[in-house]
Enquirer: 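Mind having a look at this structure? Questions to follow.
Each chain gets a letter, A, B and so on, in the order the sequences are listed, and its residues count up from 1.
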Amino acid sequence: MAQISLKFPDGNARDYEAGVTPAEVAASISTSLGKKAISATVNDQHWDMQWPIPSDASIAIHTLKDDAQALELIRHDCAHIMARAVQEIWPDVKVTIGPVIENGWYYDFDREEPFTPEDLAQVETKMREIINKREPVTTEIWERDRAVKFYEANNEPYKVELIDSIPGNEPLRMYWHGHWQDLCRGPHLQHTGQVPADAFKLMNVAGAYWRGDSNRAMLQRIYGVAFKNKQDLKAHLTMLEEAAKRDHRKLGKEMDLFHMQEEAPGQIFWHPNGWTIYTELQDYMRRQQRRGGYVEVNTPQVVDRKLWEASGHWEKYQENMFIVEVDEEHAREKAVNALKPMNCPCHVQVYNQGLKSYRDLPLRMAEFGSCNRYEPSGALHGIMRVRGFTQDDGHIFCREDQIESETAEFIEFLSMIYKDLGFEKFSVKFSDRPEKRAGSDEVWDKAEAALLSATRAAGYEPEMNPGEGAFYGPKLEFVLTDAIGRDWQCGTHQVDFVLPERLDAVYIGEDGAKHRPVMLHRATLGSFERFIGILIEEHAGKLPFWIAPRQVVVASIVSDADDFCREAVAALKAAGVRAETDLRNEKINYKVREHSLGKVPVILAIGRKEVEDRTVTIRRLGEKQTQVVALDEVIASLNADAVAPDLR
RNA sequence: GCUGCUGUAGCUCAGAGGUAGAGCACUCCCUUGGUAAGGGAGAGGUCGAGAGUUCAAUUCUCUCCAGCAGCACCA
């Protein structure tokens, strides 16, 4: 047998026979390490304890102390153990796939009856039994035919299909957790007992399409979370409870921001408080866009289908548009219109009025564009995904050689605004050509290359999102995360060579000839609705003072203070602060509690002492201590706080 | 749209085959109280909509609507 040299993290190397497994290596170091070990990293690859090492390599043996590997394996083994538990309880259930995800795993099953919460409890119990048996995990590589026959014999059609989709040159690896077997890349733990029996929980069941394809079978997906120990699990569950309190739908009610009702699903009734946030944000954006060199326009809500046919939206999105049919009394035909689902074709109409010169480019056109889209019912989510919304939309008409600088400038514009609004971090995703698309491959090559290089030049290395682009061009997405970790696309920046062509936008170049401008579609916030939802959750309702809808409540402690309270509010209002009195016949404790729950940033209390001294007792949201300050002083400082970040 | 769950007072929720209950909020009265709920009284509901089963349905069944979780979708 050939000898190979394994190099350890401490720099030492030892010789072993070729084909030695990490399990043997660990055992050669110490018996206890052999038992504690969960996996290895061999030449930067996560390696099962059973896999032979063919040649010289670097090796690191992992135990449960190594978080990344431990969590990966615990969650992956949980997926297998759960699938085994399910099949032990209900042998007819067919298994499919079960990957590791953030904080846990899921596994998709095909079963006639729905899994109930009681079923999940039963599965959890069975999983603990399997873990406590400490059964060995073993693995083998199988021939394709053997695997297919095996799964056909076991009536596991999904597994057969999976094997068919694995490239022929890839080995098929089988894993056993005790007697139960699954097709799996691995690696896995050494035995089921290495999974902490008290640190996992099955969370919920939901439908999921086989292979993510809505034309195929709907399976049942069971989600679980798993950690290294009970404390971590508990911390995670507590975090989820806390996150639920920040849900914008809950805070929207508590802060009296907006409501939604059956008669207008997916549309928002903004209350005075919520609308204050909205208009403050819009005023802020309008100022920023002016500074950013945009001209603001406004375009129609109801537009004839002809324009949507010309733009290509009718063909692709007809089912998702609100159609408005109008019977003109003397018209031969019904006029068919659509509520505008987006602003781009309308902006091209504005652009097309009058002849444009290359000197006019780049032309940055912005609109707070109200759009309606008939989103699938299941897609609606609070104010984050709605059927009626307003984009802070904009289209930059430019030459090809301006794409890069315009993109870079927009990314800078967006970063500054996100920072102003409290989002230091956001992720950038790059989506390239989808299957259904307009435009030739050459045009797509050009657009993708231009956008990508501009993004990199601006200092961002985007996460790749293959095939997720818009039908007319590649897309840059700026993604923010809500309270419970769901990602939402907010900002976007897209290169489009297609729409100017379809809607015949031109400019006269230096050469006196007609040229096609490139259109950059961009939105910073995305939509006010979604962004406000994210903003509420990010701040847990405790919005920055300048954008908080109710900034100050002046509360009387005794009714003798009422006049001074009114005077204070009048002075605050005059200083540009949103202030109101609370003169109700209630104790100060009661008022403080109520306005704290309503997330009012500042409560000023006035009793007899304050009236005498012309002071107020100030209490800021989230703080217990109070401070007595002269009224004039408070007004000056709150006046400063009320200024939007761009005006400071 | 799909799978599953949910829908009872303004809000949060309990309840049961014989047409409903709590707390908070609301109105009135008492209380003027110093930083997260002072006390009392009162008013408030076609139990999401429609159909079916039943002597009787808000409760059981079906259809629809809306919401929630996830999937699919997201110009």
Enquirer: Between G48(B) and G42(B), how far is it from one C1' atom to the other, in whole Å?
Expert: 29 Å
Enquirer: Expressed in angstrom and rounded to an integer, what is the separation of Ile588(A) atom CD1 from G33(B) atom C1'?
Expert: 10 Å
Enquirer: Asp582(A) has an atom CG; how far is it from atom P of A36(B), in whole Å?
Expert: 15 Å
Enquirer: Mind checking salt bridge (Lys or Arg N to Asp or Glu O under 4.0 Å) for Arg620(A) and listing every partner two or more places apart, or none if nothing turns up?
Expert: Asp641(A)
Enquirer: When the P atoms of G39(B) and U32(B) are considered, how many whole Å apart are they?
Expert: 15 Å
Enquirer: Does the Lys NZ or Arg CZ of Arg75(A) fall within the cation-pi geometry relative to Phe227(A) - under 6.0 Å from the ring centre and within 45° of the axis?
Expert: yes
Enquirer: Only counting residues at least two apart or in another chain, list the ones meeting salt bridge (Lys or Arg N to Asp or Glu O under 4.0 Å) with Asp563(A).
Expert: Arg566(A)
Enquirer: Less than 6.0 angstrom separating the ring centers of Phe471(A) and His313(A), yes or no?
Expert: yes
Enquirer: Could you tell me how far A37(B) sits from C11(B) if I compare only their C1' atoms? Round to whole Å.
Expert: 16 Å
Enquirer: It should be established whether Arg619(A) places a side-chain nitrogen or oxygen under 4.0 Å from OP1 or OP2 of nucleotide G34(B).
Expert: no
Enquirer: Determine, for nucleotides 58-75 of chain B in 5'-to-3' order, which nucleotides have protein heavy atoms under 4.0 Å from the base (write B), from only the sugar-phosphate (write S), or from neither (write -).
Expert: -------SSSSSBBBBBB
Enquirer: Got a sec, which residues hit salt bridge (Lys or Arg N to Asp or Glu O under 4.0 Å) with Lys245(A), two or more places apart in sequence or on another chain?
Expert: Glu242(A)
Enquirer: Rounded to the nearest Å, what distance is computed from the NZ atom of residue Lys245(A) to the P atom of nucleotide A36(B)?
Expert: 18 Å
Enquirer: Quick one: which protein N/O atoms are closer than 3.5 Å to N/O atoms of nucleotides 9-11 of chain B? Pair and distance per line, please.
Expert:
none

Enquirer: Could you work out the separation of G10(B) and G4(B) based on their C1' atoms and round it to a whole Å?
Expert: 30 Å
Enquirer: With a 3.5 Å distance limit and no angle check, can you tell me whether Arg578(A) reaches the backbone of Gln551(A) through a side-chain donor-acceptor pair?
Expert: no
Enquirer: When the P atoms of U54(B) and G15(B) are considered, how many whole Å apart are they?
Expert: 29 Å
Enquirer: Is the base of U32(B) touched by the side chain of Ser559(A) through a donor-acceptor pair closer than 3.5 angstrom?
Expert: yes
Enquirer: Cation-pi between Arg530(A) and Phe528(A): NZ/CZ under 6.0 Å from ring centre and within 45° of the ring axis?
Expert: no
Enquirer: Distance check, P atoms only: A69(B) and A51(B), in whole angstrom units.
Expert: 32 Å
Enquirer: Using the P atom as the point on both nucleotides, what is the distance between C71(B) and C62(B), in whole Å?
Expert: 28 Å
Enquirer: When you check the side-chain N and O atoms of His493(A) and Thr407(A), is any donor under 3.5 Å from an acceptor?
Expert: yes
Enquirer: Would you classify Thr617(A) as touching base, sugar-phosphate or nothing, given that sugar-phosphate means primed atoms plus P, OP1 and OP2, and contacts are heavy atoms under 4.0 Å?
Expert: base
Enquirer: Among residues 597-609 of chain A, which residues get a heavy atom nearer than 4.0 Å to RNA chain B?
Expert: Leu597(A), Ala605(A), Gly607(A), Arg608(A), Lys609(A)
Enquirer: Under the rule for salt bridge (Lys or Arg N to Asp or Glu O under 4.0 Å), what residues qualify as partners of Arg385(A), not counting sequence neighbours?
Expert: Glu375(A)
Enquirer: Donor-acceptor check, side chain of His248(A) to backbone of Ile383(A), threshold 3.5 angstrom: yes or no?
Expert: yes
Enquirer: Separation of Ile222(A) atom CD1 from U3(B) atom P, in whole Å?
Expert: 18 Å
Enquirer: Take Glu161(A) and Arg216(A) through the test salt bridge (charged side-chain N to carboxylate O under 4.0 Å, His left out) and record every step on the way to the result.
Expert: CA-CA 13 Å; Glu161(A) 191 180 330; Arg216(A) 308 203 59 179; 2.7 Å; yes
Enquirer: Under 3.5 Å between N/O atoms: give me all the protein pairs with nucleotides 22-28 of chain B, atom names plus distance.
Expert:
residue	atom	partner	partner atom	Å
A25(B)	OP1	Tyr590(A)	OH	2.8

Enquirer: Can you say whether the rings of Phe269(A) and His259(A) are parallel (under 30°), tilted (30 to 60°) or perpendicular (over 60°)?
Expert: parallel
Enquirer: Who are the ring pair (Phe, Tyr, Trp, His ring centres under 6.0 Å) partners of His595(A), not counting sequence neighbours?
Expert: none
Enquirer: Atom CG of Leu251(A) to atom P of U12(B): distance rounded to whole Å?
Expert: 13 Å
Enquirer: Going by the salt bridge (Lys or Arg N to Asp or Glu O under 4.0 Å) test, which pairs reach into residues 597-610 of chain A, not counting sequence neighbours?
Expert: Asp560(A)-Arg608(A)
Enquirer: Got a donor-acceptor contact below 3.5 angstrom from the Trp308(A) side chain to the Val303(A) backbone?
Expert: yes
Enquirer: Using whole Å, what does the distance between atom P of nucleotide G34(B) and atom CD of Glu612(A) come to?
Expert: 16 Å
Enquirer: Is the distance from the ring center of Trp444(A) to that of Tyr472(A) below 6.0 Å?
Expert: no
Enquirer: Starting at the 5' end of RNA chain B, which residue's closest nucleotide do you reach first, Phe115(A) or Ile557(A)?
Expert: Phe115(A)
Enquirer: Using distance alone, with no hydrogens and no angle criterion, decide if Asp482(A) and Trp488(A) have a side-chain donor and acceptor under 3.5 Å apart.
Expert: yes
Enquirer: What's Glu477(A) touching, base or sugar-phosphate or nothing? Going by heavy atoms closer than 4.0 Å.
Expert: nothing
Enquirer: Using the C1' atoms only, state how far C60(B) lies from A72(B), rounded to an integer number of Å.
Expert: 34 Å
Enquirer: To the nearest Å, give me how far apart CD (Glu113(A)) and P (C5(B)) are.
Expert: 13 Å
Enquirer: When Watson-Crick pairs (N1 to N3 and N6-O4 or O6-N4) and G-U wobble pairs (N1-O2 and O6-N3) count only below 3.5 Å on both distances, what is the dot-bracket string of RNA chain B, with | for other-strand pairs?
Expert: (((((((..((((....[..)))).(((((.......))))).....(((((..]....))))))))))))....
Enquirer: Check ring pair (Phe, Tyr, Trp, His ring centres under 6.0 Å) between Phe430(A) and all other residues, then give those that pass, not counting sequence neighbours.
Expert: none
